[in-house]
2 protein chains.
Amino acid sequence: MPTNKTRRDRAHEQLQLTVDLVILTVYGGDLQVLIVERGNEPFRGSPALPGGFLRSGEGVYEAAVRELWEETRLDGEKLPLRQLEVFGAPDRDPRGRIVTVPYLAIAPNLPPPEAGSDATAAALRPVRQLLTAGASLAFDHDDILRLALEETAKELEHSTIATEFCGETFTIGELRAIYEMVWDRPLDPRNFNRKVTRTDGFLEPVGTRASREPGRPAMLYRAGPAKRLYPPILRSAEGED
Amino acid sequence: MPTNKTRRDRAHEQLQLTVDLVILTVYGGDLQVLIVERGNEPFRGSPALPGGFLRSGEGVYEAAVRELWEETRLDGEKLPLRQLEVFGAPDRDPRGRIVTVPYLAIAPNLPPPEAGSDATAAALRPVRQLLTAGASLAFDHDDILRLALEETAKELEHSTIATEFCGETFTIGELRAIYEMVWDRPLDPRNFNRKVTRTDGFLEPVGTRASREPGRPAMLYRAGPAKRLYPPILRSAEGED
DNA sequence: CCAAAAGTGTTCCGGCTACACCCATGC
DNA sequence: GCATGGGTGTAGCCGGAACACTTTTGG
């Protein structure tokens with residue numbers, strides 16, 4: 001670029017940065033995402049991802065942690081809060097030049113928020129239904145949600161984030177349900193069982209057993225120390241790439 | 001935190017956005033990255049990644065394309081220009097609040113730039129050497145470079161970007177050299193050969209043969225239509241994760 | 001002829017798939 | 001007993017690792 005200025009006499013328009021959060025959880029046997037109703041223009045009244053502007057002196061990551069805390073009272077430092085691709089098309093926000101940094105958060109057993117707690121009403125919405133029902137969220141939040149879901153699906157193959165959907169302890173059946181929901185395909189329970197138990201550091205047996213419905217009670221596990229899965233657990237072919 | 005405002009009466013400091021480019025290429029049998037010498041404070045005279053501020057009304061991606069063009073005369077629309085994680089720590093730039101969006105570009109046979117073309121001197125520098133020689137680049141560009149390299153290594157497993165390092169046609173040996181440089185480990189030529197030729201859409205034979213050094217001349221290939229590799233070509237275990 | 005790189009064949013092994021089969025519970 | 005989910009065993013297939021071996025060039 002021009003050599004002499006690099007300074008700011010070139011019009012650097014007033015630009016603002018937001019973070020948006022895709023908070024995924026499992027509730028009622030469905031994969032859900034936290035959606036708020038916008039209280040202000042633009043898109044007032046439309047559903048949208050929770051998020052907000054960066055504050056003065058605040059890091060991007062810190063802003064995401066703060067927003068997560070405000071929305072869910074969850075501590076972002078302890079969750080896998082993963083940054084996604086920035087969305088920065090010049091016309092994505094009618095208010096002006098606003099670039100957003102989306103973050104993906106995975107919450108174990110997030111309780112559905114009480115309505116009216118904030119100026120904006122928050123609720124859990126089933127992800128699949130939201131995405132198949134055509135465009136529905138404000139701004140480019142549909143794209144962000146789609147990206148987040150694909151990112152989650154990829155992560156399930158190589159990392160242990162699936163356990164973050166679960167509580168302190170869980171059964172392999174519950175873990176498998178996570179995979180099936182995110183990948184949107186059924187898995188063989190027998191093979192899945194061996195796959196996850198054979199992977200070192202993925203699961204630690206707790207010994208206890210859970211008895212609920214009919215059927216043999218399952219063994220309980222806790223998340224192990226491993227963060228990466230080797231070998232990976234791959235979705236076989238047929239890409240929703 | 002406070003519930004009621006969400007408006008902008010809260011101080012949204014003047015914030016600026018830059019894009020930085022990690023332009024990788026192979027030259028002289030080494031993996032190289034394009035490095036410029038900073039012409040202005042801060043870090044005047046230090047090596048850094050090329051990059052610059054967003055212009056008015058310019059999308060983030062468009063800014064990356066523009067910077068790539070300015071630095072290399074390469075058309076970013078035709079290269080895999082991949083966005084990396086945003087770096088937005090509040091103190092990363094002494095000039096003020098500047099958040100950067102790094103992009104990864106892969107260039108085939110990029111010629112080393114002539115010195116003094118711009119106010120900033122640009123040159124190719126060997127990546128490995130740069131990274132092992134401790135911190136060396138301005139700002140947090142060391143971290144960005146490291147991230148870009150790991151991203152490239154991951155991409156080699158699942159996508160066909162390796163062919164972007166090569167010219168129009170290339171031999172399997174040349175392609176293997178790319179993998180070996182980025183993964184920093186030797187591969188078995190025989191197995192590699194079969195792996196890449198068995199993957200549909202990865203390579204298209206050109207029929208011609210290249211004769212150079214001693215040894216049987218290799219067949220020439222062109223990049224095929226496939227963008228994703230299935231099955232993937234995995235680095236076996238031992239992570240530089 | 002020799003060195004060197006390209007490419008093929010073959011063997012071994014481990015993971016994935018599919019499915020038969022047994023286990024323990026609620027009803 | 002029967003339905004239901006949990007868990008083990010096993011056979012076949014396929015891909016990767018390792019390596020013997022042939023091919024085709026430059027010297």
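The chains referred to below are lettered A, B, ... by the order of the sequence lines, with proteins before strands, and numbering in each begins at 1.
Atom CG of A/D188 is separated from atom P of C/dA20 by 11 Å (rounded to the nearest Å). Rounded to an integer number of Å, the gap from CG of B/L175 to P of C/dG7 is 12 Å. Look at CZ on B/F192: it is 12 Å from P on D/dG16, rounded to the nearest Å. A/L234 has its CG atom 17 Å from the P atom of D/dC14, to the nearest Å. Atoms CZ (B/R198) and P (C/dT8) sit 12 Å apart, rounded to a whole Å. Distance CZ (B/R194) to C1' (C/dA6): 12 Å, rounded to an integer number of Å. When rounded to the nearest whole Å, the span between CZ of A/F202 and P of C/dG15 equals 16 Å. In this structure, the CZ atom of B/R185 is 14 Å from the C1' atom of D/dG16, given to the nearest Å.
Using cut-offs of 30° and 60° for the angle between ring planes, the A/F139 and A/H141 rings count as tilted.
If you look at B/F192 and B/Y179, their ring centroids are closer than 6.0 Å.
A donor and an acceptor atom, one from each side chain of A/Q83 and A/Y103, are located under 3.5 Å apart.
By the neighbour-count criterion of 12 heavy atoms within 6.0 Å, atom CG of B/D75 is densely surrounded, having more than that number from other residues, nucleotides or ligands.
Between A/E155 and A/R228 there is a salt bridge, with a side-chain nitrogen of the basic residue lying less than 4.0 Å from a carboxylate oxygen of the acidic one.
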Name the pairs: protein N/O against N/O of nucleotides 5-7 of chain D, kept only if under 3.5 Å.
| from | atom 1 | to | atom 2 | distance (Å) |
| --- | --- | --- | --- | --- |
| D/dG5 | N2 | A/R216 | N | 3.1 |
| D/dG5 | N3 | A/R216 | N | 3.3 |
| D/dG6 | OP2 | A/R176 | NH2 | 3.2 |
| D/dG6 | O4' | A/R216 | O | 3.3 |
| D/dG6 | N2 | A/R216 | NH1 | 2.8 |
| D/dG6 | N3 | A/R216 | NH1 | 3.3 |
| D/dG7 | OP1 | A/M219 | N | 2.8 |
| D/dG7 | OP2 | A/N193 | ND2 | 3.4 |

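The side chain to side chain donor-acceptor pair (under 3.5 Å) check on B/R125 picks up nothing, with sequence neighbours excluded.
For the pair B/P232 and A/N191, both in contact range of DNA chain D, the more 5′-proximal nearest nucleotide belongs to A/N191.
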